[in-house]
Each structure stands twice: as structure tokens, then as C-alpha cells.
Amino acid sequence: MFLNVRDFEEVARTRLDPVYYDYVAGGARDEVTLRANEEGFQRLSLLPRVLRGREKRELDVSLFGSRASMPVLLSPTAFHRLVHPEGELATARAAAAAGAIMIVSMASTVAVEEVAAAARAAVPDRAPALWFQLYLQPDLEFTEALVRRATEAGCTALVVTVDSPVLGLSERNKRNGFTDLPEGLRCENLRELRGGEPGSVRQIVMSPELSWEHVDWLRRHTSLPILLKGVLHPEDARLALRHGVDGLLLSNHGGRQLDSVPSTVDLLPEMVDAVGGRIPVLLDGGVRRGTDVVKALALGAAAVGVGRPVVWGLAADGERGVRRVLELLREELDHTLALCGAGSLRDLTPDLVRRTPAGRG
Ligand SMILES: Cc1cc2nc3c(=O)[nH]c(=O)nc-3n(C[C@H](O)[C@H](O)[C@H](O)COP(=O)(O)O)c2cc1C
Ligand SMILES: CCCCCCC(=O)C(=O)O
């Protein structure tokens, strides 16, 4: 029985090839940050208000023009067909049905046009909420063409991942010899549009030479809202404001890039303070419970993302699994709001969160 999102991980573990399980579960190097993300939430306590609730709670949000049924979105995760044959198609249908925003990974194993078509087909009466995650490529012509593809497919915001000047090193992947996608699976958004072998697919380039000038370049080449994913230093948050960025997704890539960075929830108050309410700050990393969502929102996040829980849902039970994961998070969020005496997300304020005294959890 799936009572919470952790139950999905257990089933996924038994269903998946251990090499692919490790790819998803793992983090960089000693996995210090991977563990810190969940521990960061566990170290925080909730201090509820009483006698001020409401029969029905409002969970819906509007973010960068996208309406969503809850402030929990699907963070971009690569290679969904590694864990389920329907891959991103199943994920997109589940996200659309749940009314949740899905950030399609640039490294998806289904082309963004097909992902968008699957989402639209799942909810014919409304526009599904899709954003696109981008690794800026040094080949700007290719980057521009990809941004155009994502925009024409119906993605309404760009989430630019900036924490990957080089790829993080997972020792699990190294030990397992996992270096490439298996035969038949490719990053379908990386197909050559012009030149190259017909039908060939490029490698994603992680470039340490990317700079704020590239962000400026992107700003000039798209009218979509731009969010930066992976800004961790408050000075970079202030720079993002100066470069016309529309939002931040505070993320340490689920502990998969630089190990030993702080948990995202520990950094949240400082980052919210740095942007001073001028742009929304979203957060991902270690969100596993409705209580985690409430803690992050109370500390100033506009929404949170989940990465692994969605992949576990997909691996365990395909589209139905992802739907159930999203449903569980929504139910837990609603239940937590009720127990905190919050009638809506607006009632979540920093005074509801306390740091658990050291050594007590
Ligand atoms: C299997 C896997 C693949 C990921 N692929 C991407 C990706 O393609 N682009 C990206 O920006 N982040 C990627 N991430 C990071 C997630 O977007 C997100 O930051 C992280 O998973 C959040 O932490 P959580 O898994 O604890 O929820 C990936 C994470 C996982 C676990
Ligand atoms: C060179 C391929 C890059 C895929 C990126 C996937 C990712 O971000 C991850 O954390 O895994």
C-alpha cells in the first residue's frame, strides 16, 4: 500500500535495475548534501495556530502566468524512459491531470513536443502548465533553436540550470559503470536540427565558461519568464535581479552537483531576504511530506519542487504512480494546513517554524 511518497521509493527499488536505481537515488561524492536536504526539513518544527481554520483550504497558486492546483511542482528530471517505457509521456499526463506544473528536462527521453502533446491530450479542457529546463549550450544557435522549440511546444517559462559548469560526480554511477543511456534511449531534445548525421543526437555540453552574459543573451532572445535554478549564494541572487531574471529555483540539484553545500531549506531565509520580495523564490531538494511544503512556504518559498518522488512514482506504477505521489503530497499539504490553523497558503508565515534544538531531531 502506498501511504506516503517513501513507499514508492521502496517499490521502485525492487522494480528497477540497481544501476538505474542508484542513478536516481544517488548524490555527488559523499552524498553529504543529499542527506542534508531531508535532514534540513527534519530539524525544523512547526508551531501551529489554533481556532482560526477554515472548512476548505485554498491550495492553488499562480506562478509566472501558470495556474496550478498546488504549490508543488515537478522539478526537471532526466531520462524517464530509463525507469518506465512510457517515460515523460506518462509523467506529463499525470502532472496535467493533477493540475501541477511540470518542468520538462532538456535531457528528457521524449521530445518536448511529444511531452506537451501528451499533457494537452490528458486535459483537453484546459492548458496544461509546462515549463522547460535548459542547460545553456555554448552553441548559441542551437540553444536559440531549442528555446524556440520549447516555446512553440507550449512551455511558458524557462528554468535555466546554472549549477552545472561541469557534471557532478556520482561515485555510485562510477562504481556501476553507468556512463551512457542504454541502446534505444536518447535525449530527444538534442537531435540535430541542421547538419550532423541525419537523426543524430548531440551530447549536452556542461561548460564552465558560461557567464552572466549568457543570461543577458537569453534575456534578449526570449520573452518567456526566466528562472535560474541552482543559485545558492545570496550575492548571486542579487546579481540575478540585476540581470532581469524573473525568479529563482533554490536548488542544489538534489545533492548531485557540488557536495557539501547546505541544504536548500537552510539557505531559504537568506535567499528570500536577498531578493527582498522582488522576484519569487521557489525551492527543491528533500521535499517528501506535506509538512516540508508548509515549512518551505512559511519561510518564504513561493512553491516547492519534487524530483526523486516523481521518478519513484513513475518507476513503481507508471502514470498512476506519479498521480498518486502528487495526490499524496496534496492531501498531506491540505491536512497540514488544517492542523496549523491555516485557511490558505497566505496564512503561512515564518513564525510557524521553529528550529529544533540541537540533538533533538
Ligand atoms: C534522476 C534525476 C535527474 C535529474 N535531472 C535533472 C535535469 O535534467 N536538469 C536539472 O536541472 N536538474 C535535474 N535533477 C535535479 C532536480 O531537478 C531537482 O533539483 C532535485 O531532484 C530535487 O531534489 P529531490 O530529488 O530531493 O526532490 C535531477 C535529479 C534527479 C534525481
Ligand atoms: C550529460 C547529460 C546530463 C544529464 C543531466 C541529468 C541531471 O541533471 C542529473 O542530475 O542526473
Side-chain angles (χ1 to χ4, degrees), residues 5-6 8-9 12 16 19-28 31 33-41 72-84 87-88 91 101-109 112 131-137 158-170 172-173 178-181 185-190 201-207 227-232 248-259 261 263-265 282-289 292-293 296 303-315 325-326 329:
V5 303
R6 289 179 213 283
F8 281 92
E9 175 168 4
L16 286 175
V19 174
Y20 301 157
Y21 171 79
D22 270 352
Y23 163 68
V24 178
E31 303 187 335
T33 298
L34 171 68
R35 288 188 295 277
N37 277 343
E38 289 190 30
E39 287 163 5
F41 282 107
V72 179
L73 45 85
L74 289 82
S75 277
T77 45
F79 311 155
H80 288 194
R81 288 187 63 210
L82 209 53
V83 305
H84 191 276
E88 289 83 358
T91 312
I101 296 168
M102 173 176 177
I103 308 177
V104 181
S105 168
M106 173 162 158
S108 67
T109 42
V112 62
W131 299 353
F132 187 73
Q133 177 263 327
L134 182 71
Y135 288 110
L136 281 161
Q137 297 296 284
L158 295 176
V159 178
V160 182
T161 302
V162 291
D163 60 12
S164 308
V166 292
L167 198 59
L169 195 141
S170 155
R172 297 200 206 198
N173 289 347
F178 179 54
T179 50
D180 260 322
L181 286 174
L185 295 194
R186 314 202 258 195
C187 292
E188 296 293 340
N189 296 321
L190 274 288
V201 167
R202 291 184 174 211
Q203 294 288 326
I204 294 180
V205 177
M206 306 289 188
S207 169
L227 289 84
L228 296 187
K229 175 175 186 278
V231 168
L232 297 177
L248 296 178
L249 173 44
L250 172 56
S251 172
N252 53 36
H253 216 111
R256 296 161 76 85
Q257 282 297 117
L258 176 61
D259 197 20
V261 304
S263 85
T264 47
V265 75
L282 287 65
L283 166 147
D284 75 17
V287 174
R288 300 292 180 268
R289 286 283 190 184
D292 300 336
V293 182
V304 299
V306 283
R308 292 179 184 82
V310 168
V311 184
W312 301 141
L314 182 65
V325 163
L326 297 173
L329 288 170

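Just follow the structure's listing: the first ligand is 1, and inside any ligand the first atom is 1. In this chain, numbering begins with 1 at the start of the sequence shown. None of the values given here were measured: they were computed from a predicted structure.
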Among the heavy atoms of Val24, does any lie under 4.0 Å from an atom of ligand 1? yes
Give the numbers and elements of all ligand 2 atoms closer than 4.0 Å to a heavy atom of Ala78. 6 (C)
So for Met206, does at least one of its heavy atoms come nearer than 4.0 angstrom to any atom of ligand 2? yes
Check Glu38 against ligand 1 and report side chain, backbone, both or neither, counting heavy atoms closer than 4.0 Å. neither
Is the closest basic N to carboxylate O distance between Arg256 and Glu31 below 4.0 Å? no
In Å, rounded to the nearest 0.5 Å, how long is the span from CG of Leu249 to CG of Leu73? 7.0 Å
Gln133 side, atom CD; Lys229 side, atom NZ - distance, nearest 0.5 Å: 6.5 Å
Could you tell me the residue and atom name of the protein heavy atom closest to atom 19 (O) of ligand 1, and the distance to it rounded to 0.1 Å? Asp284 OD2, 2.8 Å
Ligand 1-proximal atoms of Arg288, by part, heavy-atom distance under 4.0 Å: side chain
With respect to Gly286, determine whether any N or O atom, backbone or side chain, lies less than 3.5 Å from an N or O atom of ligand 1. yes
Looking only at heavy atoms of Tyr135, does any of them come nearer than 4.0 Å to an atom of ligand 1? yes
Flag Ser251 as yes when one of its N or O atoms lies below 3.5 Å from any N or O atom of ligand 1, and as no otherwise. yes
Run down the list Pro76, Gly254, Gly26 and name the one with the heavy atom closest to atom 14 (N) of ligand 1. Pro76
Proximal candidate to atom 11 (O) of ligand 1 [heavy atom criterion; set Thr161, Val304, Thr77, Val162]: Thr161
Closest non-hydrogen protein atom to atom 5 (C) of ligand 2, residue and atom name please, with distance? Tyr135 OH, 3.7 Å
Tell me whether Arg81 is salt-bridged to Glu88, with the criterion being a basic N under 4.0 Å from an acidic carboxylate O. no
If I take atom CE from residue Met106 and atom CG from residue Leu190, how far apart are they, to the nearest 0.5 angstrom? 5.0 Å
Under 4.0 Å from a heavy atom of Gly285: give me the atoms of ligand 1 that qualify, with their elements. 22 (C), 23 (O), 26 (O)
Minimum-distance protein heavy atom relative to atom 12 (N) of ligand 1: Lys229 NZ, 3.0 Å
With a 4.0 Å heavy-atom cut-off (strictly under), which part of His253 contacts ligand 2: side chain, backbone, both or neither? side chain
Distance flag, aromatic centroids of Tyr20 and Phe79, threshold under 6.0 Å: no
Any side-chain donor-acceptor pair under 3.5 Å between Thr264 and Asn252? no
Protein residue, atom and distance nearest to atom 3 (C) of ligand 1, heavy-atom basis: Ala78 N, 3.4 Å
Test of proximity, Gly307 against ligand 1: N or O pairs below 3.5 Å: yes
From the list Val5, Val325, Leu16, side chain to side chain contact (heavy atoms under 4.5 Å, CB included) partner of Trp312 resolves to Leu16
Could you say whether the N/O atoms of Ser105 and ligand 1 ever approach to under 3.5 Å? yes
Report the distance from atom CD1 of Ile101 to atom CH2 of Trp131, rounding to the nearest 0.5 Å. 4.0 Å
Evaluating non-hydrogen atoms only, which member of Met106, Arg256, His253 is closest to atom 30 (C) of ligand 1? Arg256
Does either side chain, that of His80 or that of Thr109, offer a donor lying less than 3.5 Å from an acceptor on the other one? no
Short N/O distance, under 3.5 Å, between Pro309 and ligand 1? no
Looking only at distance, does Gln133 have an N or O less than 3.5 Å from an N or O of ligand 1? yes
the protein heavy atom lying closest to atom 11 (O) of ligand 2 turns out to be Tyr23 OH, 2.6 Å
Counting non-hydrogen protein atoms only, what is the nearest one to atom 10 (O) of ligand 2? Give residue, atom name and distance. Arg256 NE, 2.8 Å
